[in-house]
Structure formats: structure tokens, C-alpha cells
Amino acid sequence: VNRLLHLLGAGRAGGALGAALARSGHSIGAVVTRTAASAAAAVARIGAGEPTTDPHRAVGADDLTLVALPEAAVAPTIAALAARRPRLERAVVLHVAGALDAEVLAPLRAAGAAVGTLHPCAAFPDRTRSPALADVTFDLDGDGAAIAAARALVARLGARAIELPPGGKALFHASACLAANALTALLDHATQLAEAAGAAEPAAREALAALARTALDAVAERGAVRALTGPIERGERAVIEAHLAALRRAAPALLEPYCAFARATLATARRRPGRDAAGDAAIAALLGG
Ligand SMILES: NC(=O)c1ccc[n+]([C@@H]2O[C@H](COP(=O)([O-])OP(=O)(O)OC[C@H]3O[C@@H](n4cnc5c(N)ncnc54)[C@H](OP(=O)(O)O)[C@@H]3O)[C@@H](O)[C@H]2O)c1
């Protein structure tokens, strides 16, 4: 069923999701932001919807609401909506926040709504681009009717879904932050090391990003434990010693990040069957921690 979809918040994430759903043929209702100007801009980006600054227009019986507010604004906004005691029979309200679970929407259950979450494992860095979401995975939790509605939206986008058990959202979000944010930080440190070695930006960044893409492809295909290559995977202690000596000499500030990431690498290598335990212990001793 093509329920009317309201967007409560239509910034970077809400606007991108609204635009992708509108392109897929979904009917868009209210598009709620804080100012008339930002609401008009969001409607222009989405290509559909009624711009408004009134959050109460974002919910209705039989309707679907996507809450895409900053995380700190979700609970107070939902409390204000619930306080008006709206009639929300058969309504579904989903929020897109990664670290919050469905319970933050619980006040709307008393009005008759089913509540859940629909979090895209994707980064939306600005309000201009509205990428296709076909290869994105959404993690879901919440009431049965909310999960069914979330799955229908995911199917409409040609995307994928992972349903989490109650209480799983924070851990899953931690995993997403490692995969995206820690990877970004890792590449920042790697680029600084390459510059310390004499390679110039952006050549260093391009070289390392291309290398990282091959590693990412291998992880996606084979899993991290089987995808791992390099001196730690091969147990080459002398190579690690040479890295550490070069770091102490030319980039001492990067020694600790190198060792921290290398310890994590060793933990992955150790999950391989048939490791040389004494060799791994010697490498661990070099890396400290
Ligand atoms: N950006 C991402 O990459 C990404 C990815 C996955 C999930 N998310 C989730 O999406 C949600 C929104 O994040 P975002 O990055 O899209 O934020 P954003 O770009 O700042 O957009 C927030 C939207 O909420 C509106 N809003 C209403 N009340 C607000 C208030 N009290 N304070 C601030 N804004 C208010 C804003 O109005 P105006 O338009 O008038 O500013 C704007 O439309 C968060 O829960 C986040 O976890 C974001």
C-alpha cells in the first residue's frame, strides 16, 4: 500500500530519503523543518510534498511518518506531538537515527501508532546530493506493523534490511561507526604517515584510497579474516620492527596510532587457523598496549 509519507525533519538524511522515496513513486505528505525557507528548499529537493514548520502535520491516522530530526530533538518533539492526543489508528512512525531504538517513539503508541526505526547505513554529507539507495542496508527494529512498513519502504528502494532484536541498536550503531568513522580516521593516519615518508597530498591520499578499496572489496567477498594480507598476517616480525624504527625516527606522533591499529590487525590475524602462537606473541610484545 502506498500510504501518505510525512517527513518530520528533512535535512541531510530526511531530504535524501524523501527524494529517493518520491522518485520510487511514493506519495509525500508534509515536509516539516524549522523554517519556511528550509521547508521550501527540502520540497524542491524531494520534488514533492507540502512544506510546513508545524510538526503536528507530520502524523495522521493511516499515515506513515519518517522522523529525521537531530537525535536530541526526537524525544521532546515526540512528547509534544503525543501531548495533543492525536488519533493515530493504523499509523506507523519510524525514526532514522542510528543510536536510538524504537522506544523513544513509545509515547505515540497510546494514540494508536506502531513505532519502529529505519536507519540507513549510509552517509549523507550535505543537503544537495540525493543518491540512489539501492545498495544501502537499513537496520530496523520496533513493533511488528512498523517493521512491516519499514520493510515495504526498503523494498521500494531496492535496498536491503537487517532486523535487529530489541536492545540491538546501540551495538549495531557502534559497528557502523567503526566501519565508517574509524576507517576514515585510519586513512587520515595512513595519509599522514605517507606524507612523513615524503609523498605529497593528494597523490598519497589517492594511492591509499585505491589500496583501501581493494581491501574493502576483499572483505566484502571473503570476510575480514580471510581477506587479511601483509606483514602481520605473514608473521614478519622484522618488518614490524623496521616500521617501528622508522616511525620513532620520522613520525613519533604516529607511533601510538600505528601500534593501536596494528594490535587490532593482529587480533584479526589470530582468528586464522594454524597461527604461530609464539610468533604472534612476539609481535604483540613489539606493539605494546
Ligand atoms: N546525515 C547522515 O549521514 C545520517 C545518516 C544516517 C542517519 N542519520 C540520522 O538522521 C537524523 C537527522 O540527521 P541529519 O544529518 O539529516 O540532520 P540535519 O541535516 O541537521 O537535519 C535535521 C532536520 O531536522 C529539522 N529540525 C527540526 N527540529 C529541529 C531541532 N530542534 N534542532 C535541529 N533541527 C531540527 C531541521 O530543520 P531545518 O531544515 O530548518 O534545519 C532539519 O530539517 C539523525 O537522527 C541522524 O542520526 C543521518
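Remember, it's 1-based here, ligands and their atoms both numbered in the order they're listed. Reckoned from all heavy atoms, side chains included, excluding hydrogens, waters and symmetry mates. If you read the sequence from its start, that first residue is 1, and numbering goes on from there.
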inquiry  = Just to be sure I understand the cut-off, which residues have at least one non-hydrogen atom under 4.0 angstrom from an atom of ligand 1?
reply    = G9, A10, G11, R12, A13, T33, R34, T35, S38, A68, L69, P70, E71, A73, V96, A97, G98, H119, P120, A122, A123, F124, R127

key: Heavy-atom closest pair, residues R156 and L21   = CD-CD2, 4.2 Å

task = Provide the closest heavy-atom pair for L81 versus L8 in the form atom of the first, atom of the second, distance.
result = CD1-CD2, 3.9 Å

ask   = H119: what forms a ring-ring contact (aromatic ring centres under 6.0 Å, His included) with it, not counting sequence neighbours?
value = H173

query = For Y258, what residues pass the ring-ring contact (aromatic ring centres under 6.0 Å, His included) criterion, not counting sequence neighbours?
reply = H243

message = Do D126 and T128 pair up side chain to side chain, a donor and an acceptor below 3.5 Å, judged on atom types alone?
response = yes

task = Apply side-chain hydrogen bond (donor to acceptor under 3.5 Å, both in side chains) to R34 and list each qualifying residue two or more places apart in sequence or on a separate chain.
result = none

